[in-house]
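These numbers were taken from a predicted model, which means no experiment stands behind them.
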Amino acid sequence: MRIERPKGTRDFLPDEMERRREIEKVMRQIAESYGYREISTPTFEHLELFTIKSGEGIVEEIYAFKDKGDRDLALRPELTAPVMRMFVNECSVMPRPLRFYYFSNCFRYENPQKGRYREFWQFGVELIGSGSYLADLEVILLAYRILKELGINFELNIGHVGLLRELLKDLSEERVRKIMRFIDKKDFESLERFLEENDLMDYYDDIKTLISMKGRKEVIENAREVLPDFDFGYIESVAMGLERLEVDFNLDFSIVRGLDYYTGVVFEIYAVEGLGAQNQICGGGSYRLTHLFGGGDVPSTGFAIGFDRVAEICSVKSEKAERIVVACTPGMELNALRIAENLREKGLVVYTDVMERGLKKQLSFANTVNARFAVIVAEREYEKGVVLVKDMESGEQREVPKSSILEYFGL
RNA sequence: GCCCGGGUAGGGUAGCGGUCAUCCUCUGGGACUGUGGAUCCCAGGAGCCGGGUUCGAGUCCCGGUCCGGGCCCCA
């Protein structure tokens, strides 16, 4: 009986893994160049960690289960909450700011689509401890640099949830949340209906004005007219900083990121082509979560990149190491192995025959693995102290003394 | 949870009610036993699962499942 992969999961073959590792390497290197260091948290956590900020509703969308001790656990659906939990548990007295990055698989019980899987990978960073605009600037810049380096065609949109919160400050938290939800979904009909039903149409024009603003710094001036008392200094500083750093972006005050815990600048990055409906490849912003997990009120900023989506549209290709096949005639296997070992020690990728096949088949195999050279350890020549080195591209073959094989390969 | 389209060897395909199946690729072996990529030969391997219609089903119908796409959702 044949066992299939569970729905929404994937197998990665060597070619694809090489590509993914290559992309991962770029992300790591850039994050590290900004001083971020890798962390790792458990694959599963107490379910409560994820319901505490998002409500019981999300249990439907995550892999939740009871263990044999009757504990409620869940496979992590994201990393921000676990990282904050870790911070509160063991890093709260470390010198700030803290710069962490992670690359981990996450799990969500959702219907798979293009760029959406039940097991997927996120690469993200958290910059913990700063409430300055400089933190937002750094994090946005980092996300931007990574995607640029990977050659992705994308759009960066930046908003600030403070604006809408200021505009709606006299409404109940419940109503604010609902309105934000509609805005996040860009469901303006429902928004209008909701405002009408709740006798809140006074807000309609201002909301509409705010969320339809898109562009560079100048939209801040327009927003000021709607919210004369709001302090735009912060978002203005971020926008100016990004312009100075030559980061392309749009301000878009309709970005509210659905989540209640975002407090300031929020941003989303969309792929311009190649991903269909699931084209968001990165999301982030400033938030305050630590108090929910028993810590103090620590401002943080972070983002998460949808690794699989990026991998799907990213064109980097892996550089393959040069391969060598050491083939031999019958009886020469162990001599061939010793030669192979010497080459491997010097860092070459060396294949030897484990099928006890004839020389012909061994060379044929060298061909299928795309070997650059074949070293032929043949009995008659070996007795004379030489082996044969064949260039698999030109077909040229020459005798090389056993003792100088390494030199022959420039090692 | 919902809607649409799919599912034939490892990969890509043909047949679309009637001798359990086409071709390509692939894998293994071979064409004087010490030499690759060409050619040729041989071998291997398949109609997602379950039910129904029918004398007879990859081929029609229903359910499930998985894939793709779109909703919902997206912490």
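Within the nucleic acid shown, A:Gly8 comes within 4.0 Å of sugar-phosphate atoms alone, with no base atom in reach, counting heavy atoms only. Across all strands, A:Ala366 comes closer than 4.0 Å to no nucleic acid atom at all (heavy-atom distances). Nucleic acid contact class of A:Glu268 (heavy atoms, under 4.0 Å, all strands): none. At a threshold of 4.0 angstrom between heavy atoms, the contacts of A:Gly395 include nucleobase atoms, whether or not backbone atoms are also involved.
Closest approach to the A:Arg357 side chain among B:G36, B:G34, B:G28 is made by B:G28 (side chain taken as heavy atoms from C-beta onward). Listed nucleotides B:G36, B:C74, B:G70 differ in distance to A:Asn367; the shortest reach to its side chain belongs to B:G36. Residue A:Glu110 has its side chain nearest to B:C74 when only B:C67, B:G34, B:C74 are considered. For A:Asn111, the listed nucleotide lying nearest its side chain is B:C71; candidates were B:C71, B:G36, B:C66. Counting only heavy atoms from C-beta on, A:Arg380 has its side chain closest to B:G34 among B:G34, B:C74, B:G28. With B:G34, B:G68, B:G36 as the choices, the nucleotide that has an atom nearest any side-chain atom of A:Met392 turns out to be B:G36.
In terms of the side-chain contact (heavy atoms from CB on, under 4.5 Å) criterion, residue partners of A:Phe44 (sequence neighbours excluded) are, by chain and number, A:Phe65, A:Leu73, A:Leu75. For A:Tyr101, the ring pair (Phe, Tyr, Trp, His ring centres under 6.0 Å) criterion is met by A:Phe123, not counting sequence neighbours.
Atom P of B:G18 sits at a distance of 15 Å from the matching atom of B:C61, rounded to the whole Å. When the C1' atom is compared between B:U53 and B:C60, the two are found 8 Å apart, to the nearest whole Å. Taking atom C1' on both nucleotides, B:C24 is separated from B:C66 by 26 Å, rounded to a whole Å. To the nearest whole angstrom, the two P atoms, one in B:U22 and one in B:G37, are 28 Å apart. Annotation: B:G52 and B:U59 have their C1' atoms spaced 15 Å apart (nearest Å). Only the P atoms considered, B:U33 is 23 Å distant from B:C26, to the nearest whole Å. Here the separation of B:C62 from B:U25, taken at their C1' atoms, is 36 Å to the nearest Å. Between the C1' atoms of B:G51 and B:A57, the separation comes to 14 Å (whole Å).
Across the protein-nucleic acid pair, A:Asp11 atom CG and B:G11 atom P stand 12 Å apart, rounded to whole Å. Per the geometry, CZ belonging to A:Arg5 stands 14 Å off C1' belonging to B:G7, to the nearest Å. The CD-P distance, from A:Glu16 to B:G11, rounds to 15 Å in whole Å. One can place CG of A:Asp353 at 14 Å from P of B:G34, the figure rounded to the nearest angstrom. Here B:C26 presents its P atom at 12 Å from NZ of A:Lys361, a figure rounded to the nearest Å. Following rounding to the nearest Å, A:Leu13 (CG) and B:G10 (P) show an atom-to-atom distance of 14 Å. Rounded to whole Å, the distance from CZ on A:Phe365 to P on B:G34 is 20 Å. Atom CD in A:Glu119 sits roughly 13 Å away from atom P in B:C67 (whole-Å rounding).
By the 30° and 60° cut-offs, the orientation of the rings of A:Tyr133 relative to A:Tyr234 is perpendicular.
When the side-chain nitrogen and oxygen atoms of A:Arg116 are compared with OP1 and OP2 of B:G69, none of them lie within a distance under 4.0 Å. Between A:Gln113 and B:G70, a side-chain N or O to OP1/OP2 separation shorter than 4.0 Å is present. The side chain of A:Lys360 places no N or O atom within less than 4.0 Å of a non-bridging phosphate oxygen (OP1 or OP2) of B:U35. For the pair A:Lys390 and B:U35, the criterion of a side-chain N or O lying under 4.0 Å from OP1 or OP2 is not met.
Close placement of the A:Phe103 and A:Phe307 rings is indicated, their centers lying within 6.0 Å of each other. Taking the centre of each ring, A:Trp121 and A:Tyr102 stay at or above the 6.0 Å mark.
Contact of A:Gln397 with B:U35 (side chain to base): a donor-acceptor pair of N or O atoms is detected under 3.5 Å.
Less than 4.0 Å separates RNA chain B from at least one heavy atom of each of the following residues of residues 77-92 of chain A: A:Pro77.
Checking B:C40 for Watson-Crick or G-U wobble geometry (two distances, each under 3.5 Å) identifies B:G30 as its partner. If you check B:G5 for Watson-Crick or wobble pairing at under 3.5 angstrom, you find it paired to B:C67.
Ion pairing of A:Arg21 with A:Glu18 is absent here, as no side-chain N (NZ or NE/NH1/NH2) approaches a carboxylate O to less than 4.0 Å. A salt bridge does not link A:Arg19 with A:Glu22: none of the charged nitrogens is closer than 4.0 Å to a carboxylate oxygen.
In this structure, B:G47 shows a glycosidic angle within 90 degrees of zero, which is the syn conformation. Using a 90° window around 0 for the glycosidic torsion, B:G58 falls inside it and is classed as syn.
Rounded to the nearest 0.5 Å, atoms CG (A:Leu251) and NZ (A:Lys214) are 11.5 Å apart.
For the pair A:Phe409 and A:Ile324, the minimum side-chain heavy-atom distance is below 4.5 Å. Counting heavy atoms from C-beta outward, A:Ile128 and A:Arg96 have side chains that stay 4.5 Å or more apart.
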